[in-house]
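Encoded as structure tokens, the structure appears first; notes follow it.
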Amino acid sequence: MTDRRSYLLVGVAVFAVAAAMRTIPLYWSPFPHILDGFAHAALARETRAAGQLPIGPDLRADLLVVTVFTATASLVTGEAPLSVIQPLFSLAGAAVPLVGMAFARRLGTDLGWPSRRVRAAALATGLLLAVQGLFLRHTSIPDPEPLGQLFAFLAVLSLHRLLSGRPTPVRWAVPLATFLLAFPILHTFSTFNAALGVTALAGAELARRPTRRTAILGGGVAAGFWTLFVAYYELVERFGVLGVSYVGQVRTNPALFLAWVVVLLVGVAWYGATSTRTRRGLLYAPLGGMFVLVAVNAVRPVFPGTIRSEPAVIAGVGLLALPVAFAGYATDALDDRHGTATLLTALLGGPVVLAAFALTASLTPDFFATAIRAQAFLHVPVFVLVGLAAARVAWRDRGWTGRRGVRAGLLAALATSTLLTVPLAFVALDTLTYPGTTHESEFAAVEHAATTTEARWTTDHGPAAARRRPVRRCRSTAGWPTARPSGPPRRRRSRAGGTRRPSPGGTSSTGRAAVNRARSRCRRGPAPPAAEPAPSGLGGPRAPVEVMPPGSDPVLRADGLTVERGGRTVLSDLSVSIPPGERALVRGDSGAGKTTLFEVLGLLLPPTDGSLSVRDVDAAALSERERARLRRETVGIVFLAGDAVRPARRGRPPGPVPRDAERRREAAGRHRPGAGEPARGRPGRRADRAAGRRDGRGRPRGAGRSAGRDGRGPGGREPRPAARRPVRPPVPPRRRRPGA
């Protein structure tokens, strides 16, 4: 069998495994795996019906390729875009491990390995990427990201071949130009990663071969690519041709981003010339830092406003520590004496710098998304090193790994740890339930409710549990009409609470937890009359929003709002006045302060300066407890992201994720439940803690109030004596014998 035929068979096997793993969501439903897939399918449906793209501000500038790709596949197959988009992008994501195999083959050839060992390294790289959970999660979604990863790696590979200086490198200019021109209309995050990868490769090649051709060609391609996509986004946004998103992060921090680009250029130029031990340490440092951040996030969110990591998620991510250890074993292949070393160094440096920029710019949910997207591009170069290390261990015949049993154990542990990460791709990381895939019955119910009924209805985070929505009398329901209940609320068991498993026909998500919490406080009843006056203040009945006549006194007013975060002014001298019955829309670039504004108006974040009144109550002058009561009884908040609402658990109701101060009070046991809020913990625990604290004289606080005259503690319990360690006699020193 020829070498080319053997690689063809290996590639087909890897693609089959990768495609099978990425089409697993089709087992639950033929509809898109994530909600963004519905929006992409809708754009493709409009394009197919009209015969042209729906150009306008509602169409994002980085969704043109995805829309055309889905519409074309729909026309070829004759199926609706909604049915074809999930398998289409699953197959696109299955092609990315093949690129990793190509990298492993080139690097193994540069190392001078025999063909059998190179083929084993390529096979190990492809199979591990086909089943690795986090990488599988990012390459199985109907989103531009799978195509963005594929194009980014192929673009950097094309530029590397163009700069290699071989006799016929000109043919690589055509695919390079195609990929670079497609990026701005493909995916914003992938464009940033590709631009950083191209820049890093140009710098690494210039440091390896400082020739005029490398400087002009590499620098020209990198500079031209940056100019292309920056000018494209600026022009389409300025003239209102298309919508632009996710570019405000660099606009608000240009100097910091430029500084990290300089660090990237210096780093990749120096990395290949340093020692193997230093390269291994520099590889372990950022990757190990990511593991540390995941562990810290279990105690306190690294990005405020996001949910904490679940222990099962930490365990799943921790399984990747063994592949990372294997990757460090092959860092000698990144020596600049090898031709493909600069290619892999550039692919490693770009995502690391982008993640570092997100961590140092601002700890907001927008930058959290940037960091997550950046780490998705690290899996391919890291597992190329893992595949090389696995092949090296398999043929190792020296040292402690020279024994056949040790080699087999190490390789089995590597394969097992990677396979055990598969569930990370198919569970919701905030609730650890199976993904919010929309079933056909759920989609049909939503379609029927949207097209045939004029009554109000609601769903959870996915289009599940659609139902008719009559006007209800509710108490503090997020996003619903609010009014005092005329009777006791009907108690209903929340389907999202406890450890109850989701039913086969429905989807369990954190959004449902909030809806069930609101539904449990409501009861059906007649709508209040339209002539009911608009209330004011904290007391008295409140009418639904629909019946409030416009033009009344503002229900929400803010004057001179100023908010500072991290030493930076996010909002400055902002005034808002919203009368009853009015719908307001806030638009702005990423990082402009929209989320901060809603946190202030929703009484989740106190302003630094200015006044804020809700129903004629000065919210800025209230204490934190009074503001929480006002928020609970007056303001309704709908969290659009599933990770912004915590699910119901034993001992606490579902609801919005508490602020850091509230988390600290809960952890310290000093939280006091307000009116209508259930007490946390078992009775008497607060008294036990109060008795356990001591005053300045060393006596327990509250002892005089809680202890009786007979010396018993609270509740008549006998005081527990302090435990003492037994005193051991000193051991005499040993005497030295004469002559010893």
Side-chain angles (χ1 to χ4, degrees), residues 248-257 300-308 357-370 478 537-538 553-579 584-641 644 655-668 670-672 674:
Q249 301 171 7
V250 177
R251 289 176 178 173
T252 55
N253 303 275
L256 180 63
F257 185 78
R300 180 176 181 179
V302 178
F303 291 84
T306 59
I307 199 168
R308 289 181 290 183
F357 166 71
L359 288 168
T360 54
S362 179
L363 298 180
T364 60
D366 291 335
F367 285 96
F368 172 73
T370 302
L538 292 178
D553 293 335
V555 69
L556 188 148
R557 176 178 296 180
D559 295 322
L561 281 183
T562 300
V563 179
E564 296 180 356
R565 276 186 168 183
R568 185 171 63 92
T569 301
V570 182
L571 299 176
S572 177
D573 195 17
L574 181 66
S575 298
V576 179
S577 180
I578 302 178
L585 174 66
V586 178
R587 297 181 61 184
D589 297 334
S590 177
K594 302 183 298 296
T595 303
T596 303
L597 174 61
F598 280 111
E599 288 180 352
V600 174
L601 298 182
L603 306 181
L604 294 172
L605 177 68
T608 306
D609 193 10
S611 62
L612 173 64
S613 62
V614 180
R615 296 187 182 275
D616 295 336
V617 177
D618 188 5
L622 298 178
S623 63
E624 189 171 354
R625 183 177 180 183
E626 293 172 341
R627 190 169 61 252
R629 179 173 177 268
L630 178 63
R631 178 176 66 245
R632 183 175 64 248
E633 297 183 355
T634 308
V635 180
I637 303 174
V638 178
F639 292 93
L640 298 182
V657 177
R659 306 294 298 177
D660 294 340
E662 296 176 6
R663 289 198 188 100
R664 289 194 295 269
R665 284 200 304 274
E666 290 180 4
R670 294 192 294 272
H671 177 77
R672 297 182 179 180

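To the nearest 0.5 Å, the span separating CG on Asp559 from CG on Asp609 amounts to 11.5 Å. The structure places CG of Leu597 at 10.5 Å from CG of Leu605, a figure rounded to the nearest 0.5 Å. A distance of 11.5 Å separates OG1 of Thr596 from CG of Leu561, quoted to the nearest 0.5 Å. With rounding to the nearest 0.5 angstrom, the CG atom of Leu601 is 6.5 Å from the CD1 atom of Ile578. Here the straight-line distance linking atom CG of Leu571 with atom CD of Glu599 works out to 10.0 Å at 0.5 Å rounding. Separating the CG atom in Leu359 from the CZ atom in Phe367 is a distance of 10.5 Å, to the nearest 0.5 Å.
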Chi angles and distances behind the side-chain contact (heavy atoms from CB on, under 4.5 Å) call for Thr595, Thr364: CA-CA 9 Å; Thr595 303; Thr364 60; over 6 Å; no
Residue pair Leu612, Leu603: steps toward the side-chain contact (heavy atoms from CB on, under 4.5 Å) verdict: CA-CA 9 Å; Leu612 173 64; Leu603 306 181; 3.8 Å; yes
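You'll find the side chain of Val617 reaches within 4.5 Å of the side chain of Leu622, heavy atoms only.
Nearest heavy-atom pair across Pro304 and Pro365 is O-CD, 3.9 Å. Closest approach of Val570 to Gly593, counting heavy atoms only: CG1-CA, 3.9 Å. Here the shortest heavy-atom pairing between Ala361 and Leu256 reads CA-CD2, 3.5 Å.
Formation of a donor-acceptor pair under 3.5 Å by the Thr608 side chain with backbone atoms of Glu564 is found in this model.
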